[in-house]
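In what follows, chains carry the letters A, B, and so on, assigned in the order in which the sequence lines appear, proteins first and then strands, with residues in each chain numbered from 1. All values derive from a computational prediction rather than experimental measurement. What you see below is based on every heavy atom in this structure, not just the backbone, and it leaves out hydrogens, waters and symmetry mates.
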Amino acid sequence: MSALTRRGRSPTRNDLVVAPGSLGVPALEVRDLSRTYGAGDVAVRALRGVSFQVEPGDIVCIMGKSGSGKSTLLRQLGLLDAPTSGQVLLSGVDVTRLRESRRRLLRLGHLGYVFQEYALLPELTAEENVYLPSLMTGTPLRQSRLRARELLEMLDLGNRARHRPSELSGGQQQRVAIARAMVNRPTVLFADEPTGNLDTESSEMVMTALTRLNEELGVTILFVSHESDERRFAKNLIVLRDGEIVEAKS
Amino acid sequence: MAARSSMRVATFLSRRAITRGNRGITILTVAMMAVIYAELMFVPSLIQGATNEIQLELREYVTASIAITPSHSDLTIPDGAGLISRVRATHGVTAATATSLAGSQISFGSHTNSWPVLAVDPASYARTFMTPKTMIEGSFLDPGANDEIVLGIGVAGAGMNHVSTYGSSLQGVRVGDRVSVILSGGRTHLFTVKGIYETDLSEANTSAFITTATADRVVPSLRGRVSAIYARTKQIGDEKAVIGQLRSEDRHVTYQSWETLSSSVKDITGSFNTIKSVLNAVSLIVAAIAVFIVTYVDLVNKRRTIGIERAIGISGLAITVNYLLKAVVFAVLGILFGAALFFGGAIPLARRHPFQFPIGPVTLSVSSSELRSDAIILLAVAVIGALVPAWRAVRVRLLDAVLR
């Protein structure tokens with residue numbers, strides 16, 4: 001069964017292991033996505049009918065002013081929140097209305113998410129933080145550790161593998177978080193203002209790391225940024241204002 | 001497979017959290033569990049110690065190991081002399097003595113009251129009971145004593161008005177005084193007080209003793225009559241076997257072990273057990289609340305961490321089990337330290353400085369089954385105390401947890 005024929009319906013368990021970059025199928029498709037918080041007079045429409053597609057291997061920057069709906073959009077795509085209406089299709093499979101147990105499996109195996117505040121577990125070393133999601137998939141410890149080492153080496157953190165987050169700089173912590181998001185070879189990687197808390201030099205290193213992963217591993221990346229300078233790392237740009245796309249260009 | 005992975009991740013996370021987490025919180029939690037466990041054992045041990053002391057005193061002063069009394073409404077044991085010989089020859093019996101009720105009323109000056117006056121053989125009585133070793137004035141009867149009597153403090157009073165039974169006693173009787181006794185058959189006889197004893201069991205302090213020889217002389221009708229036979233066994237627990245051997249020989253008497261006869265104190269030990277159960281329940285509720293609070297505070301502080309774990313795909317089961325494992329480890333460590341505290345500190349200290357109860361000095365006594373059941377209950381309580389907040393934490397809306 002090709003990914004195309006599955007488009008628009010709820011996935012079965014097998015669908016959740018769909019291969020990335022299926023021929024002609026967007027890595028990610030968003031259809032008329034809306035998210036409203038609250039109800040009645042106090043309702044806030046954070047997203048208003050957003051639609052776009054992201055091709056496999058693409059790297060997309062989502063920009064907009066504070067409150068424009070960037071992070072809200074990313075959370076819907078990263079399956080951390082459920083939209084009020086509309087659809088999110090991952091490799092052609094509608095993942096919008098899945099139960100939390102299914103969403104968790106997708107977050108674990110098919111999606112990577114990088115938070116602005118690094119979000120590493122303080123009691124684990126960098127290496128352990130990276131391979132934790134791999135352990136959850138049932139991968140043997142040795143293999144998980146090896147994969148974590150490879151990613152840390154790739155992100156120039158090989159010599160920091162046994163350090164705890166408190167012993168790392170902000171930039172290093174964010175790169176560990178990126179490695180963690182990549183450990184289960186996700187189809188799409190989401191990064192919510194990954195440089196928001198970093199100085200210029202660290203920001204540059206983090207963005208370079210993301211583009212390197214995109215180029216070398218072919219992972220599709222969507223990142224949110226408020227720094228106009230960072231659009232140069234993206235192949236495509238989406239600009240949001242008041243929950244709507246006001247600009248989308250390559 | 002998913003459950004196995006969850007367990008693996010839970011073990012991984014809990015190991016790291018315990019070894020690398022906040023040492024202060026770990027130490028405090030373990031210390032709290034240790035104190036709760038020690039406290040859980042302390043009260044039952046004290047009550048068990050008091051119960052043991054009461055039972056010991058009953059055996060030593062009132063019932064011996066086995067009491068043999070006439071069946072039905074008989075007042076004496078038929079062929080008492082023959083039976084006591086057979087009792088002494090029975091395997092497992094170390095001593096036996098016979099008593100006969102020689103009188104029931106004692107007077108001194110204007111004070112008079114009813115107490116049992118027992119005729120005993122001083123030598124065998126001293127081998128069977130410890131009463132002769134509790135003399136506070138004078139001494140116990142000699143085998144050849146004539147017209148001499150030994151009184152319990154509850155009978156003599158001896159001017160000790162702190163004794164609870166002082167009001168109903170003869171109050172001022174001391175060694176050397178002469179008391180008047182109404183003997184069986186109604187005859188009155190004067191006896192010189194040879195000694196006054198005081199045991200820790202007030203029930204045992206309201207008797208008087210004269211020698212069998214004196215009784216035979218002053219009440220000839222009592223000669224050869226035995227009201228009761230008391231036997232001391234080699235070990236506690238031998239009573240049933242000894243009674244089994246004796247019962248096959250004689251069906252005209254009643255054999256009762258000290259346990260059966262201690263029914264008079266069953267109300268006391270029963271109340272102790274009720275108190276013990278109430279205190280145990282309170283301790284366990286305190287333990288459950290303490291574990292709940294520790295886990296809850298930990299979870300509140302880690303709400304975002306849990307959100308992140310869930311966001312990266314860690315299962316709710318793994319997160320919950322992680323906290324349960326931590327609670328189990330803290331409880332096991334607490335139990336071990338609590339047991340060390342109890343056996344290394346409280347028990348030796350109580351042995352050196354026993355608690356002074358009205359029944360006498362009481363030490364701590366704990367059974368291995370109590371130890372085990374307390375440990376299992378504490379573990380269960382710790383698991384439940386951790387499960388509730390952990391279960392709730394993984395049910396918080398993911399976005400709320402992540403954004404906190």
Side-chain angles (χ1 to χ4, degrees), chain A residues 13 35 37 46 71-72 74-76 78-82 100-125 127-141 144-145 164-166 177 179-184 186 190 192, chain B residues 1-26 29 298-299 301-323 325-326 329-330 391-404:
Chain A
R13 190 172 181 82
R35 181 66 169 105
Y37 294 108
S71 293
T72 302
L74 214 65
R75 286 175 205 140
Q76 314 306 308
L79 305 184
L80 301 181
D81 192 17
E100 173 52 25
S101 56
R102 290 294 185 81
R103 293 162 75 87
R104 180 185 71 77
L105 286 175
L106 281 173
R107 290 197 301 270
L108 180 67
H110 293 268
L111 306 175
Y113 205 97
V114 178
F115 298 89
Q116 183 180 341
E117 310 85 0
Y118 328 134
L120 298 177
L121 304 185
E123 285 144 2
L124 306 185
T125 63
E127 182 186 62
E128 289 166 344
N129 262 292
V130 174
Y131 70 67
L132 178 65
S134 176
L135 286 182
M136 193 65 229
T137 63
T139 309
L141 178 64
S144 300
R145 189 177 278 158
R164 303 260 290 272
S166 57
R180 178 179 66 186
M182 287 300 298
V183 74
N184 285 336
F190 301 101
D192 189 1
Chain B
M1 183 65 185
R4 212 173 136 191
S5 297
S6 292
M7 292 301 159
R8 197 161 68 127
V9 168
T11 313
F12 175 83
L13 287 174
S14 58
R15 250 181 75 182
R16 266 67 180 178
I18 291 165
T19 54
R20 299 175 190 164
N22 188 319
R23 289 237 166 92
I25 289 175
T26 303
T29 310
D298 193 20
L299 285 164
N301 286 329
K302 289 188 174 158
R303 187 168 159 174
R304 184 158 192 270
T305 304
I306 291 171
I308 300 298
E309 286 170 352
R310 290 170 63 197
I312 63 171
I314 307 302
S315 68
L317 179 65
I319 295 166
T320 307
V321 173
N322 162 28
Y323 282 92
L325 286 175
K326 273 165 64 176
V329 169
F330 289 156
W391 186 79
R392 286 178 59 183
V394 295
R395 267 150 193 80
V396 171
R397 204 167 69 102
L398 177 57
L399 199 59
D400 291 342
V402 170
L403 293 182
R404 188 177 178 267

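Neither the backbone nor the side chain of Arg103(A) comes within less than 4.5 Å of any heavy atom in chain B. In this structure, the portions of Arg16(B) lying under 4.5 Å from any heavy atom of chain A include both its backbone and its side chain. Contacts of Thr125(A) with chain B are made by both backbone and side-chain atoms, with heavy-atom separations under 4.5 Å. Only the side chain of Tyr131(A) comes within contact range of chain B, judged by heavy atoms closer than 4.5 Å. Of the atoms belonging to Thr19(B), not a single heavy atom falls under 4.5 Å from chain A. Looking at Leu132(A), the atoms closer than 4.5 Å to chain B (heavy atoms on both sides) sit in the backbone and in the side chain alike.
Ser14(B) approaches Lys326(B) most closely through the heavy-atom pair CB-CG, 4.0 Å. Closest non-hydrogen pair, Gly307(B) versus Leu398(B), comes out as O-CD1, 3.5 Å.
Your options are Asn184(A), Leu141(A), Leu108(A), and the one with the most heavy-atom pairs under 4.5 Å with chain B is Leu108(A). With chain A as the partner, the residue from Thr305(B), Ile308(B), Val9(B) showing the most heavy-atom pairs under 4.5 Å is Ile308(B). Top candidate by heavy-atom pairs under 4.5 Å with chain B, chosen from Arg75(A), Glu123(A), Arg180(A), Arg164(A), is Glu123(A).
For Phe115(A), the ring-ring contact (aromatic ring centres under 6.0 Å, His included) test picks out Tyr113(A), with sequence neighbours left out. By the side-chain contact (heavy atoms from CB on, under 4.5 Å) test, Gln116(A) is found to be paired with Glu193(A), Asn197(A), residues two or more places apart in sequence or in another chain being considered.
Open room surrounds CZ on Arg15(B); 12 or fewer heavy atoms of other groups in view lie less than 6.0 Å from it. When the shell of 6.0 Å around CZ of Arg392(B) is examined, it contains 12 or fewer heavy atoms from other residues, nucleotides or ligands.
Taken from OG1 in Thr320(B) to CH2 in Trp391(B), the straight-line distance is 9.5 Å, to the nearest 0.5 Å.
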